[in-house]
Each structure stands twice: as structure tokens, then as C-alpha cells.
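Everything below concerns the one structure shown next.
Numbers restart at 1 for each chain; the letters A, B, ... are given by sequence-line order, proteins then strands.
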There are 2 protein chains.
Amino acid sequence: MTTDTLSTKDKILQAAAEIAKEVGPVHLSLDAVARRAGLSKGGLLYTFPTKAKLLEALVEQHVSEFDESLRREEAARNHGPNSVVLACIAVYRAEFVCNEPEPSGILAAIANDPGFLEPIRRYNKQLLQRMRDNAEDPTLAMMVFLTIEGLRSLKLFEMGLLSKAEQIAAIDRLKNLFEPADPEMADVPVPA
Amino acid sequence: MTTDTLSTKDKILQAAAEIAKEVGPVHLSLDAVARRAGLSKGGLLYTFPTKAKLLEALVEQHVSEFDESLRREEAARNHGPNSVVLACIAVYRAEFVCNEPEPSGILAAIANDPGFLEPIRRYNKQLLQRMRDNAEDPTLAMMVFLTIEGLRSLKLFEMGLLSKAEQIAAIDRLKNLFEPADPEMADVPVPA
DNA sequence: TGTACTGTACCGTCCGGACGGTAATGTCAA
DNA sequence: TTGACATTACCGTCCGGACGGTACAGTACA
């Protein structure tokens with residue numbers, strides 16, 4: 001039951017993200033989503049009673065998926081110093097290596113109603129705080145956050161500026177800023 | 001005449017960006033833009049014969065404004081080494097200090113038609129190339145590009161994560177990576 | 001017997017865009 | 001310098017279509 005529901009939900013969510021990406025959030029219609037997801041409009045409205053609920057789910061899905069991965073990576077690092085920053089880098093690296101699709105759904109949600117930014121704002125605020133509190137060099141943590149945000153943005157808008165290798169190199173260089181055993185080296189970047 | 005025309009155009013462009021920001025790009029209607037810009041729908045359609053043309057102008061305006069500022073800053077640095085990166089940082093810093101509004105218009109354009117990403121993609125590709133070619137440390141140039149992109153993204157989505165002071169500090173720290181007279185220090189960040 | 005849909009028909013609203021004006025200003029030739 | 005026409009910069013109205021959402025009858029599986 002739950003599995004079936006989730007599966008249908010996921011199909012819808014995926015369809016919505018795809019359509020938003022293809023034709024732009026403005027032209028994301030429930031009819032098109034239903035068609036792509038392989039069910040009727042009635043069925044779609046049965047699962048998500050309004051368009052707003054669908055968009056909300058799109059945002060929720062993305063944030064909670066990221067958070068789950070992050071917590072897992074943090075735990076794997078025993079919540080030690082810099083674990084939040086490193087976990088964040090690891091999650092982004094993984095979702096990048098696994099070729100996860102860009103979250104066009106979020107864009108669609110925001111385009112429909114800027115109010116959907118609020119939960120994301122809240123989450124990011126709290127995340128950045130945790131990154132800094134847990135990092136040995138808070139300023140550097142902020143720089144990492146910004147760089148990842150830059151990579152994310154490039155991905156979100158499908159700018160094909162950097163090759164996969166370049167992006168992974170950037171991520172790994174970021175990681176190296178934190179991982180050297182010698183703490184005095186923590187804010188010295190490795191040479192190119 | 002021309003001044004009047006430009007003024008009307010600018011009023012429309014500004015109105016469109018404001019509305020997009022307030023109600024979301026999806027709900028950006030020509031009627032609303034006309035109302036906000038203080039003219040009739042007919043007058044609006046006279047200035048921009050289609051909605052697509054309006055959105056195109058929104059994108060064009062933003063890109064060309066940035067490019068003009070950039071070229072100016074580059075020239076001020078006599079096109080010497082690192083001048084592109086430094087100019088880029090300076091432009092972003094200036095438009096940030098001057099409290100320029102976030103370019104919600106671009107979001108609106110993209111939301112209407114992802115095709116509007118293409119010119120931006122092209123511009124960014126060429127910009128990044130120029131940054132690297134002109135920089136003493138191309139990898140570091142890329143990192144700067146990503147960090148600025150991160151700050152941009154934060155601004156675009158109005159995440160109020162970093163205080164003004166923090167953002168300026170981040171920008172200036174970025175600048176310091178390139179500006180020290182001693183070239184051997186070029187990729188060592190100043191301590192926080 | 002109910003949960004999870006399908007399929008269809010329909011309603012009200014909104015929107016982009018076309019169109020037909022019009023008033024003010026400019027141009028130019030007789 | 002005046003009358004004829006052109007251009008610019010708008011106004012107000014209308015329409016076809018799309019979209020979100022409702023309602024409801026039917027169906028298939030468990």
C-alpha cells in the first residue's frame with residue numbers, strides 16, 4: 001500500500017520535474033504531469049489534491065533526501081571536527097558522481113510561489129550554522145559552502161561550464177582544505 | 001524621444017522583475033506588468049510586441065550590464081595578469097555594495113522558457129575561459145568563479161544566510177588570494 | 001468491501017495577443 | 001505656412017485557448 005502510493009507519488013514527482021525542465025516551470029500543467037506519469041488527471045488529483053501540494057512535495061523530497069544523506073555521512077565521521085563540512089562535500093560529490101538529475105522541481109515550486117523558498121532558507125541557515133560551529137576554521141567553512149552553492153547553481157541551471165573531471169577536481173580540492181592531518185595546514189590550499 | 005522610450009522600457013523591465021519576485025515567475029502576467037509600469041496593456045504590447053520579447057530584454061539587460069561593468073574594470077587594470085578575475089570580483093562587490101536588486105527577471109525568463117539559458121550559458125562559458133586564460137593560477141580562478149556563483153545564487157534566491165559584512169568579507173578574502181604583490185603568496189589565503 | 005485509481009465532462013478564470021482606435025509630434029513639399 | 005501624411009506612443013476591448021479544479025460514474029485488485 002504505502003509502497004504503491006510512494007511509487008506513484010515518486011513517478012508523479014519525477015514527471016513534474018522532467019516537464020518543468022523541458023518546457024519551463026511556467027508551462028508545468030497538471031494535465032501534462034498526469035500524462036507523463038502514466039495516469040489520469042483524476043488519479044493525479046487523487047494523489048495530490050492541489051498543484052500546491054505537488055510542488056510542496058517536490059521541495060520536501062529534495063530537502064529531506066539531502067538531509068538524510070548528510071546525517072548519514074556525519075555519523076560515518078563520528079561527528080568529529082569538520083565532519084559537517086566534509087559530510088556536505090561528500091554528499092554533493094556522491095550525488096554528482098551518481099549523475100543525479102538536477103532538481104528542476106524546486107525551480108518549478110519557487111517559480112509558482114516564492115513562499116516555497118522559506119523552508120529551504122530555514123534549512124540552509126541551520127546547515128551553515130552547523131557547518132561553522134563544527135569547523136575548525138569557520139570562515140573557510142563558509143567558503144566551502146559558497147563554492148558548493150556555486151556548483152549546485154551551475155548544475156541547477158545546467159550550465160555545462162565544467163567537465164565532470166573538473167568538477168570532481170574542484171570538490172576534491174575543497175576536501176583537501178580540511179582533511180590534512182596537520183591542523184595548522186587547515187586553511188592552506190594544496191597547490192594546483 | 002529615445003530617452004522617453006528607454007525610460008518606458010526600463011520602467012516595464014523593472015516592473016516585470018518586481019512582480020516576478022513577488023508572486024513568482026509563473027504568475028507574471030502582462031496585465032500586471034502594464035498596471036505596475038503605469039501604462040495600458042496596449043502600450044506595453046507596443047513596446048514589447050510579445051511576452052517573449054519582454055523576457056528576452058530582461059535577460060539581455062542583465063548580461064550586457066554586467067559585461068559593460070566588467071570590461072570597464074578590466075580596462076582599469078590595464079588587462080594585466082589576473083585582471084579578469086579581479087574585475088569580476090570588483091563588479092560583483094560593487095553591485096552588491098550598491099544594493100542592486102536581485103535579477104528576478106532572469107528567473108522569470110528561464111521559468112517561461114529554458115531556452116533563455118542558452119545565451120547566459122554561452123556568456124559564462126566565454127567568461128570562465130577568459131578568467132582562466134588570464135589568471136596565473138587557473139584552478140584558483142575557477143574556485144573564485146564558483147564562489148562568486150555561490151554568492152550570486154544566494155542573492156538570486158534571497159537566502160538571507162550571510163550578513164552584508166560577511167559577504168563583503170568573503171569577497172575581499174577572495175580578492176586577497178590574487179592581489180598580494182608576492183606571486184608566491186598568490187594561492188595562500190589570508191588567515192581569518 | 002474498500003482502496004486506488006481511470007475517464008470524462010464540465011466550470012470559471014485568467015492570460016497572451018490581436019485589433020482598432022487616437023492624440024501628439026514631426027516632416028516635407030507646394 | 002499650411003495642408004497632407006508619417007511616426008510614435010499609447011488606450012480599451014475582445015477572443016480563443018489553456019489551466020486548475022470539481023464531480024462523478026466506473027473498474028480492478030486485495
Side-chain angles (χ1 to χ4, degrees), chain A residues 1-59 105 107-116, chain B residues 1-59 105 107-116:
Chain A
M1 185 180 75
T2 312
T3 334
D4 279 355
T5 307
L6 274 179
S7 173
T8 296
K9 275 196 178 182
D10 284 347
K11 256 190 281 177
I12 292 172
L13 261 19
Q14 192 190 321
E18 284 172 13
I19 293 170
K21 178 180 140 189
E22 283 167 26
V23 300
V26 167
H27 306 289
L28 177 69
S29 72
L30 295 184
D31 287 277
V33 173
R35 227 177 298 131
R36 167 92 50 137
L39 40 62
S40 70
K41 192 176 169 182
L44 170 59
L45 266 332
Y46 177 82
T47 310
F48 293 108
T50 66
K51 193 180 191 180
K53 294 264 190 226
L54 199 171
L55 298 169
E56 195 186 320
L58 237 20
V59 173
L107 222 47
I110 293 167
N112 261 273
D113 180 358
F116 283 120
Chain B
M1 184 181 73
T2 312
T3 334
D4 280 356
T5 306
L6 274 180
S7 172
T8 297
K9 274 196 179 183
D10 285 346
K11 256 190 279 177
I12 292 172
L13 261 19
Q14 194 189 321
E18 283 171 13
I19 292 170
K21 179 179 140 190
E22 282 167 26
V23 300
V26 167
H27 305 291
L28 177 69
S29 72
L30 295 185
D31 285 279
V33 172
R35 227 175 299 131
R36 166 95 48 140
L39 39 64
S40 73
K41 194 175 172 181
L44 170 58
L45 264 335
Y46 175 83
T47 311
F48 294 109
T50 66
K51 192 180 192 181
K53 294 265 189 223
L54 199 170
L55 298 169
E56 196 186 321
L58 238 19
V59 174
L107 222 46
I110 294 168
N112 260 272
D113 180 358
F116 284 120

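Proximity of A:L39 to A:I12: side-chain heavy atoms (C-beta onward) are separated by under 4.5 Å at one or more points. No side-chain heavy atom of B:I110 sits under 4.5 Å from any side-chain heavy atom of B:L55. At least one side-chain heavy atom of B:F48 sits less than 4.5 Å from a side-chain heavy atom of B:L13. Within the 4.5 Å cutoff, the side chain of A:V26 has no heavy atoms near those of the B:L28 side chain.
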For nucleotides 15-30 of chain D, read 5' to 3', which letter fits each nucleotide if B means a protein heavy atom sits under 4.0 Å from the base, S means only the sugar-phosphate is that close, and - means neither?
----SBBB--------
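At whole-Å resolution of the value, CG in A:L39 and P in C:dT8 are 14 Å apart. At whole-Å resolution of the value, CZ in A:F48 and C1' in C:dC5 are 15 Å apart. In this structure, the CZ atom of B:R35 is 17 Å from the C1' atom of D:dC10, given to the nearest Å. Taking atom CG on A:L44 and atom P on C:dA4, their separation rounds to 15 Å, with Å as the unit.
At least one side-chain nitrogen or oxygen of B:T8 sits closer than 4.0 Å to the OP1 or OP2 atom of D:dC10. Of the side-chain N and O atoms in A:Y46, one or more sit less than 4.0 angstrom from OP1 or OP2 of C:dA4.
Of the inter-residue distances, the one linking B:K41 atom NZ with B:S29 atom OG reads 8.0 Å to the nearest 0.5 angstrom. Here the straight-line distance linking atom CG of B:L44 with atom CG of B:D31 works out to 8.5 Å at 0.5 Å rounding. The CD1 atom of B:I19 sits 10.5 Å away from atom CD of B:Q14, with the distance rounded to the nearest 0.5 Å.
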Return the polar atom pairs (N/O with N/O) between nucleotides 23-26 of chain C and the protein under 3.5 Å, or none.
none

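For A:K21, the salt bridge (Lys or Arg N to Asp or Glu O under 4.0 Å) criterion is met by A:E102, A:E158, not counting sequence neighbours. Every side-chain hydrogen bond (donor to acceptor under 3.5 Å, both in side chains) that A:R36 has, sequence neighbours left out, goes to A:E18, A:E22. A search for side-chain hydrogen bond (donor to acceptor under 3.5 Å, both in side chains) contacts involving B:E56 returns nothing, not counting sequence neighbours.
Overall, the helix from C:dT1-D:dA30 to C:dA30-D:dT1 carries an axis bend of 20° between its ends, with five pairs at each end and the value rounded to 10°.
Judged by distance alone, the side chain of A:H27 and the main-chain N or O of A:A20 form no donor-acceptor pair under 3.5 Å.
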